[in-house]
Amino acid sequence: MGLLRRPLVCGLLLLAAAGSGILFALYSATAKLYREPRAGDRDATSYQAFFGPEASEAGPRKTTILAPPHPNPQAAALPPPTSTSQPQAFSKRQPCHPLYLAVQRDPHFRGLFDLSIPVLLWGRLFTPELWDGLSLRKAPYGWQGLSRQVVASALALLNGSESAGLFAGPGEARARCLRCAVVGNGGILNGSRQGPHIDAHDYVFRLNGAVTRGFERDVGTKTSFYGFTVNTMKNSLYSYRNLGFTSVPQGQGLRYIFIPSDIRDYVMLRSAILGVPVPEGPDQGDRPQTYFGPEASASKFKLLHPDFIHYLTERFLKSKIINTNFGSLYMPSTGALMLLTALHTCDQVSAYGFITSNYQKFSEHYFDRKKKPLIFYVNHDLLLEAALWRDLHKAGIIQLYQR
């Protein structure tokens, strides 16, 4: 019996050792998969754990339409802003649930979103082929009828990597979850007390007549990006001056997003970067420093890509107005373009001050002194936009503030 027991014991010891080796290997593989990402990993957990180790930052291979967030350098050159107004209560964050996961779960929006399309246009993307392609479409969807010299000279000034995207630059660790708030100017925000919630986001997008003074409790104070066309910016300064919008938001960490709706946007952009008066067109003689401050270098400006605006219109906001006599005037509203920009660059997006189904209960703007009805202009389709925000909210892709 003793002679038989020794081989049996040895065999059991070998089997136990092998089992321990297997368990150790499984533990190591699991620890490697779920470890916290290092500074250079850039979204290692949320990105590759979902799409698999073979997925690159260009997105999943083969036929998947939806690419993960930030497949291009959309996340370039803006360090997270600091804000003394951010409440301590928001310092403990809830787990991040990236919006692209919600997109993947929704059959309708999974077929619409293409997060691989360039959001911004900058100098290195300007090629003869791009000029030929965009010359077939009118602004804001292209360059038909625009001066090539003006467009090319403006883009030549956006030649640094910081012009390629919105957030963390090359070689800089990117936050695992970027939470963005996009603040429209709707009257629903008056009395909302949403200011602390808005300021608690990593980045805050504002647009057009973005009045904050006197409304801090409702709309907050932080501004990371200000989006506009030259036309909407100047109209806002004229129309809402008596309501508190006396100047465009300014600040060292703030960035300006130009929407190229006309040649005047390229002309103003070029003059702003060069720090010279506008040489031609309806804004001739304007000094951009009066709008954007004395630190108006190229790094402060972003330019939406006409292809991106075309994609947004075709996929998300293709209004019936396009087929009417006013079709040439139609484009998505500034608020819609800013919200959809955030949806293509941020991990989580909250929308405040946007049109909701009960819009008639509120004034047109939160800064109106008397209640005014919302005006529906023929160049936008606000009801179509309202339906989109409702559906995105129901799908869990955005958080739409409603009352």
Side-chain angles (χ1 to χ4, degrees), residues 78 119-122 139-141 154 157-158 163 166 180-186 203-213 219 222-241 243-251 253-273 278 281-283 286-293 295-306 308-309 312-313 317 329-342 344-345 351-354 364-367 377 379-380 382 385:
L78 184 59
V119 173
L120 301 181
L121 179 61
W122 62 305
Y141 314 110
L157 298 172
L158 296 174
S163 300
L166 294 179
C180 298
V182 186
V183 185
N185 299 322
Y203 297 96
V204 178
F205 294 69
R206 300 186 192 270
L207 52 115
N208 295 344
V211 180
T212 57
R213 188 173 182 179
V219 303
K222 180 190 293 185
T223 303
S224 312
F225 299 99
Y226 175 72
F228 61 98
T229 71
V230 172
N231 184 60
T232 62
M233 177 188 73
K234 298 188 80 169
N235 280 347
S236 296
L237 287 169
Y238 175 79
S239 301
Y240 311 136
R241 179 171 297 276
L243 298 175
F245 190 65
T246 56
S247 66
V248 172
Q250 296 183 10
L254 190 148
R255 301 294 184 263
Y256 299 102
I257 302 178
F258 271 81
I259 300 170
S261 67
D262 195 87
I263 191 64
R264 67 192 297 199
D265 296 290
Y266 295 97
V267 174
M268 179 68 77
L269 174 61
R270 181 184 62 186
S271 296
I273 296 173
V278 176
D283 308 301
D286 269 8
R287 295 184 177 275
Q289 294 90 337
T290 62
Y291 304 120
F292 312 117
E295 301 176 2
S297 62
S299 62
K300 292 189 71 70
F301 299 104
K302 314 292 180 182
L303 179 67
L304 285 192
H305 200 305
F308 179 64
I309 302 175
L312 296 180
T313 304
L317 292 170
L329 301 176
Y330 174 76
M331 66 178 290
S333 70
T334 306
L337 292 174
M338 287 300 98
L339 183 47
L340 287 165
T341 294
H344 285 74
T345 51
Y352 299 86
F354 282 79
E364 182 176 14
H365 307 109
Y366 63 81
F367 47 79
Y377 294 100
N379 59 328
H380 302 314
L382 297 184
E385 293 180 8

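The chain is numbered in sequence order, starting from 1. None of the values given here were measured: they were computed from a predicted structure.
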Please examine the side chains of [Y] and [X], heavy atoms only from C-beta on, and report whether any two atoms are closer than 4.5 Å.
| X | Y | answer |
| --- | --- | --- |
| Leu207 | Ser333 | no |
| Leu166 | Tyr203 | no |
| Met338 | Phe225 | no |
| Asn231 | Asp262 | no |
| His365 | Leu243 | no |
| Leu237 | Val248 | yes |
| Thr313 | Met331 | no |
| Ile257 | Phe205 | yes |

Worked check of side chain to side chain contact (heavy atoms under 4.5 Å, CB included) between Asp283 and Val267: CA-CA 9 Å; Asp283 308 301; Val267 174; over 6 Å; no
Considering residues, nucleotides and ligands other than Arg241, do more than 12 of their heavy atoms fall under 6.0 Å from its CZ? yes
Determine whether Leu339 and Glu385 satisfy the following criterion, side chain to side chain contact (heavy atoms under 4.5 Å, CB included), listing intermediate values before the conclusion. CA-CA 11 Å; Leu339 183 47; Glu385 293 180 8; over 6 Å; no
Residues two or more places apart in sequence or in another chain: which of them pass ring-ring contact (aromatic ring centres under 6.0 Å, His included) with Phe228? Tyr226, Phe258, Phe292
Does [X] use its side chain to pair, donor to acceptor, with the backbone of [Y] at less than 3.5 Å?
| X | Y | value |
| --- | --- | --- |
| Arg213 | Phe245 | no |
| Tyr366 | Gly184 | no |
| His380 | Tyr330 | no |
| Arg206 | Val211 | no |

Tell me every residue that passes salt bridge (charged side-chain N to carboxylate O under 4.0 Å, His left out) with Lys300, counting only those two or more places apart in sequence or in another chain. none
Please lay out, stage by stage, how Ile259 and Thr334 fare under the test side chain to side chain contact (heavy atoms under 4.5 Å, CB included). CA-CA 8 Å; Ile259 300 170; Thr334 306; 3.7 Å; yes
When you check the side-chain N and O atoms of Ser261 and Asp265, is any donor under 3.5 Å from an acceptor?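 Side chains of Ser261 and Asp265: pair found under 3.5 Å.
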Can Asn185 and Tyr240 be counted as having a side-chain donor-acceptor contact under 3.5 angstrom? no
Minimal heavy-atom distance between Leu340 and Phe308, with the atoms involved, is O-CZ, 4.0 Å
Might you point out which heavy atoms bring Gly209 and Ser236 nearest each other, and give the distance in Å?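 The pair with the smallest heavy-atom distance is N-OG, 3.4 Å.
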Side chain to side chain contact (heavy atoms under 4.5 Å, CB included) between Leu304 and Leu120: does it pass, once the steps are laid out? CA-CA 5 Å; Leu304 285 192; Leu120 301 181; 3.9 Å; yes
